[in-house]
Structures are given as structure tokens and as C-alpha cells.
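Reviewing the structure listed below.
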Amino acid sequence: MRQQIMHVGLGLGLAATAAAVVTPKCGGCKETITRDVVVIGGGASGAHAAVWLRDNGQSVVVVEKADQLGGHTNYYNDKTSGKAINVGVQAWMEYKNAFDFPKRMNVSTSGSMSFTPNTAQYVDTKTGKPVPNYAAPEAADMYAALGRYLAAIEKYEDMVLPGLLNFPEPADIPEDLLMPFGEFVDKYDLEAAVPQIWDSTAQGLGDTMHVPTLFVIQASGVPMVRALLGTAAAAVPASGRLYDLFESVANFLGDDVLYSSTVITASRQNKGVWLKVQGPNNKVTCIQAKRLLISMEPTPENMAPFSLDKTEAEVLGKFKFPTVYAGILRHPSLQTLNAYTDRTPEPGSYNYTAFPVAPQLGRVDYLGGTTDLFQFTAVGTSEDTTESMQALIGKSIDSMIAAGTLPASEGGKVEFEIFANHGHMHAQVTADELRAGFVQKLNALQGRHNTWYTGAAFSAGFSTVLWEYNKVLLPSLVKGL
Ligand SMILES: Cc1cc2nc3c(=O)[nH]c(=O)nc-3n(C[C@H](O)[C@H](O)[C@H](O)COP(=O)(O)OP(=O)(O)OC[C@H]3O[C@@H](n4cnc5c(N)ncnc54)[C@H](O)[C@@H]3O)c2cc1C
Ligand SMILES: *[C@@H]1O[C@H](CO)[C@@H](O)[C@H](O)[C@H]1NC(C)=O
Ligand SMILES: *[C@@H]1O[C@H](CO)[C@@H](O)[C@H](O)[C@H]1NC(C)=O
């Protein structure tokens, strides 16, 4: 469902002779769109920002690479049950006044995510064998440890949420946020909570136990833990379909979204920004705007068309990104009603702090109410691709069959009903970079060359947190417009 990255750059020279040239900086366009603000990416943060900007009297245009809004929010229509199944984002974790946004878009938050009962079989997918003597922590131990985790991270909530704008100066960064997550777990006795933290969202970090605790907190922090403990909502619309929100935003924004489009060149100056955008059928459109808001992940590939200056390239170039994949598959050997979770503890030990690192197939869960569908999550390294991860998933299931963990099936092979390549996410840097003032340098990019940034890399990977981050960030963007 997601659009492939387009190969751009060809054919522009030819187009340049054709249409009327509107500004000298933007030749070769049949059409120039003039707006106050151009937003790149229409996922959780970009879609919200576009609505906020409109509501605050600004004209906007959104450039979205995919053929739909929503980013990590995606869905699959199950033919058997007729129900929409959320693929990717599963719920909106209650945070401050973030539910204002669905309400604004006439989408309810009255539904609630159901946490599936834990029927998982713990398997080392490299050997295909069940992990001997492994059992999940007792629920009471898990909840007690989650409570300790919440108490430990609530102290830092205002430093890291709704984003890193209030992050302390290097000398004042609490050591807790810099230490590898494994040490933080030892320090606060959180072992029994780690499988739940990892399963919910933290496995996407790639090597979760060794990244600075800050990034685990951004991936699985206060709103997530409160939802797990039942003290805050994990909301979904009454329909259960999170995508309803983005359908409503798409209606609201109408022609102000350029779908299946990417920026191919950009000129960012004090007077404003000029972008050349390539859309379907190689159509080139120019955009002239006073301000630019980047909401996609700031990977080198995504940022290449924006001709970053040295400072921007140096700061954004420090980010490392694992890759995340999710979707729905079927395989005749998988046993319905079951779930399979990748674990690599020390043989014979109940160790809740040892996890497989990327690339790995983290979970395969039977989707209740369907005949043979399983939802999966997998995490790759920065270099992994759809092809390499599909191969790894096939190999992981084959290894379980070869080891006798799953029954063999005639001609059985994995089929993907939907495979969502969520791409690079969970932006992270080393503790040494944090000590060297990385966050301050990152925040200093806001407004440089009329360019602002929202999205998970500047805030945290939760839709609701991003909506609150926009409320803090965007007033500085519109100042003087
Ligand atoms: C499997 C999975 C489960 C998750 N579960 C939850 C959950 O339950 N609750 C939750 O709150 N969060 C969840 N998340 C986290 C999710 O990352 C955030 O909530 C949120 O979607 C991040 O928003 P964003 O705006 O930063 O990025 P995105 O939502 O990814 O939006 C970025 C947008 O930019 C577009 N784009 C990318 N590159 C370009 C380009 N070059 N040009 C133009 N457009 C581009 C993308 O197509 C996308 O629409 C989950 C993520 C994954 C992968
Ligand atoms: C929400 O519903 C109200 C009342 O029907 C309507 O006036 C408004 O335009 C709707 N807003 C959106 C964003 O759909
Ligand atoms: C758990 O495993 C990790 C990684 O192998 C190891 O460092 C740690 O000491 C183990 N903990 C216990 C309690 O065995």
C-alpha cells in the first residue's frame, strides 16, 4: 500500500523549456502553488500540523510520498470478518489534551485497545527451537515492575515530553537518561517489566538493552506505561479503525495535499522557500511558501533534496535509524490461537533482559476472529529492506518447522496479506553525542533557513505526544506570518 520511493531527477531538463516560469528560482513547472506553509509528510505529526496551521489562519500544502495520509497508521480489511484491522499504530495513548485532535476531526476516542492475552510460545527464531524453561514473568511481578518503571521515568517527564525542547544542558543531563537501558533496568529492578516494554514498542530500537535510556523512554514512556497500567486510556475510535482520523483530515485538507509526491529540489532562503515536487506521472509542481515544516524522518535520503548546509547535515547526520516492519501474513504451518515471540535468553535461565537484536522477527500473533491470519512485527538494521526482511521472516518460520516446533505443511510458504515497510524510525544517537550537546544542536535547527521540524525524531514516537509537541512548536513557526 505504501508508495515505493521514486527515482527522480530524470526528465527535468526537458520540462524546463515548456511552461511559464513563475519565479526565477522555480523554472520548469506547469503550476506553482503559493502558501504560507508547506508541510513535508502527512503522518501523525504532519497531518495534525496542517490542521493546526489552517485553524490558526495559515494556508498550507502537504507533500506526501504515499497515496494516503496517516504514515504509520494503516489498516487492512479482513474479508472473513469484514472488519478493519489496524496495521502499525494500534491506539492513541492518552496524553494531556491530545484527544482534542480526533474530536476536532469528528472522530471519537470512545473505543479502547484490547491487549491480547499472553499465549505466546517463546522461540529462538535462529534455531527455531522453543526456549527451554522460559515463562513470562508473573502478572503481579510484571505490574509491580511497570509501576517502578513509571515512578523512575515520571521524574523526567517534563524534560522529554512532549519533545526535547526542555531537555537539560549537557552538564545537567541525569545519568539515568544516558546509561544503557540494561543498566537502568538493574538500577530500578525492572526486569519483570522488560518483556512487556519490549513487546509493546521498544523492540523497534534494534538493540534495546544497549541504547541510552532516553530513547527507550521516548519509545515506551509515561503515556504508554500509564495505558498498560490502566491509569490512562489507550483509545481508538468507536469503529476501532484509527485510519478514520486521517480520512477525516484528508477530507478537510482536500486539494491541499499532493499525494504520491516527493520534493526533488529546494531552495531555502530568508525570504521564503521554493520547492520543486514530483508527483504521479512525473508531473512537476512548484511550491512557494514562507515557511517549511519537515515532519518525515530526517534521514539522509529524505533530506537530500533540501541541500542541507554543513551544520544541518552534521547534526541530522548523527542520527542512526533501525527499520521497522509490520503487517499480516499466513503460513499453513502456523497454529491458530497461538503467538510466537523471539527470545534469546541464556540457556536454561529465566533472563528477562536478553533479547534478539535487529534484524529479527519479534512477534507473530494469531489475529482473533480470522481463519488463518497472523499479525507480525519485525525490526531490521538501517540497511534492511522489504526483500531482506521478507526473506528473514520466511527463514524464521522455516527454522521452526525444521526444528519440529511447527508441523511441516505441504508446499507451505509464507504469504503476506499486507507488508508495511515502516522504514527508518526510532532515531537515536550515542550517550557521548548527548553529552556533547546533541539535543541543543538539534533544537537550534528549528527556524534555520525558514525550516522547522516536527515528528518522532524531535519528540517521541507516539501520535498523541506529537500532537501536543506541535502545539508547543508551531507558535514559533507562525510568528511574524
Ligand atoms: C508497527 C508500529 C506500531 C506503532 N504503534 C503505535 C501506537 O499504537 N500508538 C502510537 O501513538 N504510535 C505508534 N507507533 C509509532 C508511530 O511511529 C507514531 O505514533 C507516529 O506515527 C509517528 O509520526 P510521524 O509523523 O513522526 O511519522 P509518520 O507517521 O511516519 O509520518 C511521516 C509521513 O511522511 C511521509 N514521508 C516519508 N518520506 C517522505 C518523503 N521523502 N517525502 C514526503 N513524504 C514522506 C510518510 O509517508 C508518512 O506519511 C507505531 C509505529 C509502528 C511502526
Ligand atoms: C464536524 O461535524 C460538524 C457538525 O456536523 C461539521 O460542521 C464540521 O464541518 C465537521 N468537521 C470536520 C472536520 O469534519
Ligand atoms: C541476563 O543476560 C544478560 C545478557 O546475556 C547478562 O548480562 C545478565 O547478567 C543476565 N542476568 C541474569 C540475572 O542472569
Side-chain angles (χ1 to χ4, degrees), residues 1-3 5-6 8 38-49 51 54-55 62-74 86-95 98 101-107 113 163 200-201 203-204 218-220 223-224 227 234-236 242 245-253 257-264 275 277-279 293-299 301-306 322-327 362-363 375-379 420-427 453-467 469-470:
M1 296 193 68
R2 297 193 129 228
Q3 205 72 18
I5 292 164
M6 280 181 282
V8 295
V38 52
V39 180
I40 311 300
S45 64
H48 174 274
V51 173
R54 277 255 207 116
D55 285 352
V62 178
V63 179
E64 169 54 58
K65 184 171 82 173
D67 58 6
Q68 57 185 31
L69 296 179
H72 297 308
T73 304
N74 214 329
N86 295 310
V87 181
V89 178
Q90 300 290 321
W92 297 317
M93 308 309 163
E94 187 175 353
Y95 178 65
F101 180 46
K103 194 170 171 203
R104 163 76 183 89
M105 303 318 296
N106 291 343
V107 171
M113 176 185 164
S200 327
T201 38
Q203 65 167 295
Q218 295 312 74
S220 188
M224 176 82 228
V236 302
L242 295 170
L245 176 64
F246 295 95
E247 242 164 36
S248 178
V249 174
N251 273 332
F252 176 77
L253 294 175
V257 186
L258 303 182
Y259 292 100
S260 306
S261 297
T262 49
V263 174
I264 45 181
L275 306 182
V277 171
Q278 179 156 314
L293 178 66
I294 305 267
S295 85
M296 61 184 170
E297 290 287 355
T299 60
E301 188 188 35
N302 277 342
M303 297 310 294
F306 293 91
T323 51
V324 178
Y325 309 80
R363 279 189 81 85
Q375 191 149 19
F376 69 89
T377 314
V379 181
N421 179 345
H422 290 283
H424 294 89
M425 54 185 288
H426 292 293
Y453 302 84
T454 182
F458 286 76
S459 167
F462 286 94
S463 316
T464 48
V465 172
L466 289 163
W467 303 338
Y469 180 70
N470 280 343

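These numbers come from the heavy atoms of this one structure, side chains and all, not from hydrogens, waters or symmetry mates. When a ligand or atom number is given, it counts from 1 through the structure's own listing order. Along the sequence shown, residues carry numbers from 1.
- With a 4.0 Å heavy-atom cut-off, ligand 1 is reached by the side chain of L466 but not by its N, CA, C or O.
- Side-chain atoms of N86 come within 3.5 Å of backbone N or O of L242 as a donor-acceptor pair.
- Every atom of ligand 1 with a heavy atom of G455 under 4.0 Å away is listed here by number and element: 26 (O).
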Using the side-chain contact (heavy atoms from CB on, under 4.5 Å) rule, take F252 and M105 through it: C-alpha gap first, then chi angles, then the decisive distance, then the call.
-> CA-CA 8 Å; F252 176 77; M105 303 318 296; 3.6 Å; yes
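- Those atoms of ligand 1 with a heavy atom of A456 less than 4.0 angstrom away are 26 (O).
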Extract all N/O-N/O pairs under 3.5 Å that connect ligand 2 to the protein, and present each with both atom names and the distance rounded to 0.1 Å.
from, atom 1, to, atom 2, distance (Å)
ligand 2, 2 (O), N106, OD1, 3.4
ligand 2, 2 (O), N106, ND2, 2.2
ligand 2, 11 (N), N106, ND2, 3.0
ligand 2, 14 (O), N106, ND2, 3.4

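- Counting heavy atoms under 4.0 Å from ligand 1, residue M425 touches it through the side chain alone.
- Note on ring orientation: taking the six-membered ring where Trp is involved, the planes of W467 and H48 are parallel (angle under 30°, cut-offs 30° and 60°).
- No hydrogens or angles considered: a donor-acceptor pair under 3.5 Å links the side chains of N470 and T454.
- Proximity to S45 (heavy-atom distance under 4.0 Å) selects the following atoms of ligand 1: 24 (P), 25 (O), 26 (O).
- In terms of modelled atom types and a separation under 3.5 Å, the side chain of Q218 and the main chain of S459 share a donor-acceptor contact.
- The nearest non-hydrogen atom to atom 27 (O) of ligand 1, considering only Q203, H72, Q90, comes from H72.
- The ligand atoms of ligand 1 that sit less than 4.0 angstrom from a heavy atom of G41 are 33 (C), 34 (O), 35 (C), 44 (N).
- Only backbone heavy atoms of A91 (N, CA, C or O) come within less than 4.0 Å of ligand 1; its side chain stays farther off.
- Under a 3.5 Å cut-off, the side chain of N302 and the backbone N or O of E297 do form a donor-acceptor pair.
- Looking at Y259 and S261, their side chains never bring a donor and an acceptor atom within 3.5 Å of each other.
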